[in-house]
Amino acid sequence: MVQLYNLHPFGSQQVVPCKLEPERFCGGGRDTLFVAAGCKVEAFTVVGQELCQPRCVFSTLGRVLRLAYSEAGDYLVAIEEKNKATFLRAYVNWRSKRTENSRVCIRMVGHDVEAPFSETFRDQMSIVEMPLSEAPLCISCCPVKGDLLVGCTNNLVLFSLKYQIINEEFSILDFERSLVIHIDNITPAEISFCVGYVAVMSELEVLIVKLESDPKNRESVNYGPHKTTNPTKQAEGISNETSQLESDDFVICQKPMELLGEKSKQSGISVTLESTGLADEKIKYFHVRHLLYRRFAPDISSCLLSDDVRLHSLQLLPIYQTGSLTSDRKNSSQEKVLLSLFCFFSLPHVGYLYMIVKSVELLSVYQYPEKSQQAVLTPQFLHVITSNNLQCYTVRCSAAAAREEDPYVDTTLKACPPISMDVCALRIQLFIGLKAICHFKNHVVLLTKADPETVPERRESPKRFLSRKGTSVNPKTPPVAEAGWNLYIVNTISPVQLYKEMVDYSNAYKTAKTQSCIHLLSEAHLLVRAALMDASQLEPGEKAELLEAFKESCGHLGDCYSRLETQHSHLALPYYKMSGLSMAEVLNRVDWAVEDGSQKYERGLIFYINHSLYENLDEELSEELSAKVVQMFYAAEPKQLPHILCSPSMKNIDPLTAIKYLRKLDTSGFSSVLVTLAKAAMALKMGDLDMHRNEMKSHSEMKLVCGFILEPRLLIQQRKGQIVPTEFAVHLKETQPGLLVASVLALQKNNKIGIEEADSFFKVLCGKDGDTIPQLLVDFWEAQLVACLPDVVLQELFFKLTSQYIWRLSKRQPPDTTPLRTSEDLINTCSHYGLINPWVNVLISSESLVDKNYMEDLSKLQSLICGPSFDIASIVPFLEPLSEDTVAGLSVHVLCHTRLKEYDQCIDRLLERCPEAVIPYANHELKEENRTLWWKKLLPELCQRIKCGGEKYQLYLSSLKETLSVVAVELELRDFLNVLPEDGTAAFFLPYLLYCSRKKSLT
């Protein structure tokens, strides 16, 4: 049973001053109501709460059977009957009609207007005649494009809206008969058309298809006359079949059926397209996609009249993209982009609302308390009339559209009431003798007529074959107009006003803590959301008021989900976020008063506060509110207490209060090290260093590191998007830098902090900005290499370290703090640091380097270059600041060029700068394929330099002797003789020649 709330969605009402009893009526845009009676159509101006005034009157060809208005194109279209013949006519430029006798231009659809007559169309109404091969039964205008769809017995005809351009300043509206949709086995009683979506309804069947514009399926369109079975023969066949099946004792009914998607092709209704456009490029639709087929079976248990089991009120309702609810974008008709589409149809006692477009889904089923006569769907409500009641139901269109438009709905960021939530009736308003209803803007138009006391009724036998070829579409001549009728305009109250009433109504449920409070507030929220989506209907300044109501409704829903015991309590978080309320404002809405001293905190509030404290919001709670939060979590979620104390929002918590609650947790069955670190942080905040030291000594460093992993905010916090080291981190920097570096490294390893964030943390911690690198950050980089973290880019880390080593060596800049690791430690513990080549020590020992820090940086750089992972070519361009004039610089340059296999260049540099290191260099580097350099490079160079003499003569001579010893061992005698200098002293080379000649016999 649908829940009924006695609210007041309807406001004032007024009587439309019609002269004749209305036969058809419809809304015209934002400010006009059309009423057809007899052979005339009256237009009334409807503005706000003011009385409607007659605007104009124009004559029709005959009695109006169907009437529709299109906002796109601003035209009125009617099916008219005269002398038992029906005509389709469109009334354009009707606003220029001043008096009933004003001139009117009548033209045929698609006919070009001659230039001399074009100016006459500017200031007078035009009637466009649209001839059809079959009698029109029903019509529908596309609310987006303005195209007109006409339903006939065996087909639907599509007239595309277009404009004939007369000149640069003037164009006239016209139509083009562009498509015929042939539909077999169903006769349309009502149709609805919207952006290619077509809904067709007969007495007990509904078919929805989509006209696709994909040219790949172009073959689905026929370009000639539609070839089908003869309608006369088809009708005769059905008639014969009916006569065979029908008898006085049986009523033949087909079973009910619902087919979704491609399965709806199995309905037995064939749909084919026939293009009638003048040019191929104008063809909009190429093939048909079936979406929904539904067939109902009549209730024949009480032998009701056929009218009682007939479908009515077919309607397609589009909802357009609006962008963010908080944006100021104004949608015009040219900007409308279809977001979602809904289809409604109804039986006398049940209404059905489907969502189509991306998927076909039954959203809601409406059970009416009495037989309905007509219904109209809006983005906010479903209005239903019975014989004596106007009923107003809620709808789920805005909930479905919100999920289509915003992917963040149903996450921790945003929420929306569920589509599956039960619909409710907001009002059942007494209205005697209701006959018809329509809706436009914020008006409901009702036709009432008192039933005559004695009117003979002709009851037809229900014993007939209920087929798709129903007789309901044949218009019947109405009885002579009788007195006792009225046409009312009922103004619906503003969404904000109704929203406030719903909120006041919901207060009755708050103390009871029931789901009814959530349900009614959800309905209020959807009401405001729907109004914001229907931006074209908003008055200037109304959007700001709606946005305020939207945020307020989110706050109310957040309150419900945070306080009421419900399985959806987690929704408190997104609703509070959408409300724009700060955490302090949410906490101030909580009722902290406790009578028996045992406060119970619901899961929703705990979830919201816990999540908000984790989000690093730039909001600091007062000391009082912080204490209440601590009390709340101690009572409800004690395991989270150490975590919430580390939030930046809890900065103002009294440390004594925090420690009091933390001490009560020591015996709890969760991580004691986290409690210890939280107490140590509070002790530091109080300035009690003794307590801090005692807490830190109670666990090993490894456990302390694990504690920091559990709660990184003990060391690192974010405020306004910036990394901020905590007071705890500052203290560790001075007292236990090794623990600090190990902890940050563990955070990075466990993906609790990024590489750039860690670098920024150490820079801020050490008070360095720009390109200045603190030693603690260098220690962290070295620790990263030692730890071999998988997500660290090695070459990037090598570059950071070598750049820093080179900068310090070139500037002779000592580190600002004592390094945590020596070069020896790194060589022993890290595979990326290699053993330094022996000849480097010989080279370095040639000068006295007394600065220990300088030597450490040099050794680390040399070791890194000697390591197996280092990309030498990438660092060579950055060696320029390190001059070769120093031994340190020379050693680094020679090491790099050696790794690049540039041995000739390295030998030249060593012979020039440090000859004593040449032989150790050659012994270490000139091996295997490089041994030839002993006699091809080193021997000639030494001989040449000895000839030149100089102060390094003895060093060169000593090096030459060792070189000859190696060459004598490596070469055969003949080869040895060939490499010796021709002008050398024989006595000097003789011992080596003798050794070389006796070498074979010795071996």
Side-chain angles (χ1 to χ4, degrees), residues 324-327 408 411-415 547-548 550-552 554-555 558-559 562 570-590 604-633 637 640-655 657-658 677-678 681-682 684-685 708 710-731 744 747 751-769:
S324 171
L325 288 178
T326 58
S327 68
Y408 291 103
T411 67
T412 57
L413 297 176
K414 295 181 182 179
L547 285 172
E548 190 62 33
F550 178 80
K551 291 181 179 179
E552 183 185 291
C554 293
D559 292 341
S562 67
H570 62 280
L571 293 175
L573 174 63
Y575 278 119
Y576 274 140
K577 282 186 178 180
M578 294 162 65
S579 72
L581 294 171
S582 67
M583 195 165 24
E585 289 172 328
V586 171
L587 288 170
N588 285 326
R589 293 159 76 105
V590 177
L605 181 62
I606 294 295
F607 182 79
Y608 164 74
I609 297 297
N610 192 27
H611 202 283
S612 298
L613 291 174
Y614 264 104
E615 283 191 335
N616 296 319
L617 301 177
D618 298 324
E619 177 187 1
E620 294 181 1
L621 298 177
S622 65
E623 181 179 342
E624 180 184 1
L625 287 178
S626 297
K628 289 181 178 179
V629 169
V630 170
Q631 176 187 348
M632 179 195 309
F633 275 87
E637 289 283 345
Q640 294 297 322
L641 187 56
H643 295 283
I644 64 108
L645 286 171
C646 299
S647 171
S649 300
M650 298 289 288
K651 180 181 178 181
N652 297 320
I653 184 66
D654 182 8
T657 301
L677 288 173
M682 290 299 140
L684 202 60
K685 191 173 182 180
F708 287 123
L710 292 173
E711 186 46 77
R713 292 177 298 177
L714 284 163
L715 299 176
I716 305 169
Q717 294 181 353
Q718 280 195 350
R719 291 177 188 166
K720 296 181 180 179
Q722 301 295 321
I723 294 288
V724 179
T726 62
E727 188 178 355
F728 204 159
V730 174
H731 184 73
V744 177
L747 293 180
N751 299 318
K752 297 297 181 73
I753 188 174
I755 296 174
E756 293 182 2
E757 290 176 324
D759 291 359
S760 177
F761 166 76
F762 281 110
K763 284 185 179 181
V764 175
L765 178 65
C766 299
K768 306 294 183 181
D769 53 2

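Tyr576 and Ser562 form a side-chain donor-acceptor contact under 3.5 Å, judged by distance and modelled atom types alone.
Taking the side-chain hydrogen bond (donor to acceptor under 3.5 Å, both in side chains) definition, one finds that Glu637 meets it with nothing, sequence neighbours left out. Remark: Lys577 pairs with Glu615 by the salt bridge (Lys or Arg N to Asp or Glu O under 4.0 Å) rule, at least two apart or across chains. Residues that satisfy the side-chain hydrogen bond (donor to acceptor under 3.5 Å, both in side chains) test with Ser622, not counting sequence neighbours, are absent from this structure. For Asp759, the salt bridge (Lys or Arg N to Asp or Glu O under 4.0 Å) test picks out Lys800, with sequence neighbours left out. Every ring-ring contact (aromatic ring centres under 6.0 Å, His included) that His731 has, sequence neighbours left out, goes to His692. In terms of the salt bridge (Lys or Arg N to Asp or Glu O under 4.0 Å) criterion, residue partners of Lys628 (sequence neighbours excluded) are, by chain and number, Glu624. For the side-chain hydrogen bond (donor to acceptor under 3.5 Å, both in side chains) test, no residue two or more places apart in sequence or in another chain qualifies with Ser626. Applying the side-chain hydrogen bond (donor to acceptor under 3.5 Å, both in side chains) test to Glu585 and every residue at least two apart in sequence or in another chain returns Ser582. Here Val630 pairs with Leu641, Ile644, Leu645, Met650, Ile653, Tyr661 under the side-chain contact (heavy atoms from CB on, under 4.5 Å) rule; sequence neighbours left out. In terms of the salt bridge (Lys or Arg N to Asp or Glu O under 4.0 Å) criterion, Glu552 has no residue partners (sequence neighbours excluded). Here Cys646 pairs with Glu711, Arg713, Leu714 under the side-chain contact (heavy atoms from CB on, under 4.5 Å) rule; sequence neighbours left out. With sequence neighbours left out, Tyr575 forms a ring-ring contact (aromatic ring centres under 6.0 Å, His included) with His525, Tyr561.
Listed here is the closest heavy atom pair of Phe633 and Ile609: CE1-CG2, 3.5 Å. Across all their heavy atoms, Phe550 and Met578 have their closest contact at CZ-CE, 3.6 Å. Nearest heavy-atom pair across Leu747 and Phe708 is CD2-O, 3.3 Å. Here the closest heavy-atom approach between residue Ala678 and residue Pro642 is recorded as CB-CB, 4.2 Å. For the pair Met583 and Tyr608, the tightest heavy-atom approach, listed with the atom from each and the gap, is CA-OH, 3.6 Å. Closest heavy-atom contact between Gln717 and Ser647: NE2-C, 4.3 Å.
Once rounded to the nearest 0.5 Å, the distance linking CG of Leu573 with CG of Leu605 reads 11.5 Å. To the nearest 0.5 Å, atom CD of residue Glu757 and atom CD of residue Gln718 are 5.5 Å apart. Summarising the geometry, atom CD belonging to Glu620 is positioned 6.0 Å from atom CZ belonging to Arg719; distances are rounded to the nearest 0.5 Å. Distance check, rounded to the nearest 0.5 Å: OG1 of Thr726 to NZ of Lys685 gives 11.5 Å. Going from atom NZ of Lys752 over to atom CG of Leu710 covers 6.5 Å, rounded to the nearest 0.5 Å. Expressed to the nearest 0.5 Å, how far CD of Gln640 lies from CG of Leu613 amounts to 10.0 Å.
In this structure a side-chain-to-backbone donor-acceptor pair under 3.5 Å is present from Asn652 to Leu621. Listed for the Ser649 side chain is a donor-acceptor partner under 3.5 Å among the backbone atoms of Glu619.
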Would you please test Ile716 and Ile723 for side-chain contact (heavy atoms from CB on, under 4.5 Å) and show each step? CA-CA 7 Å; Ile716 305 169; Ile723 294 288; 4.0 Å; yes

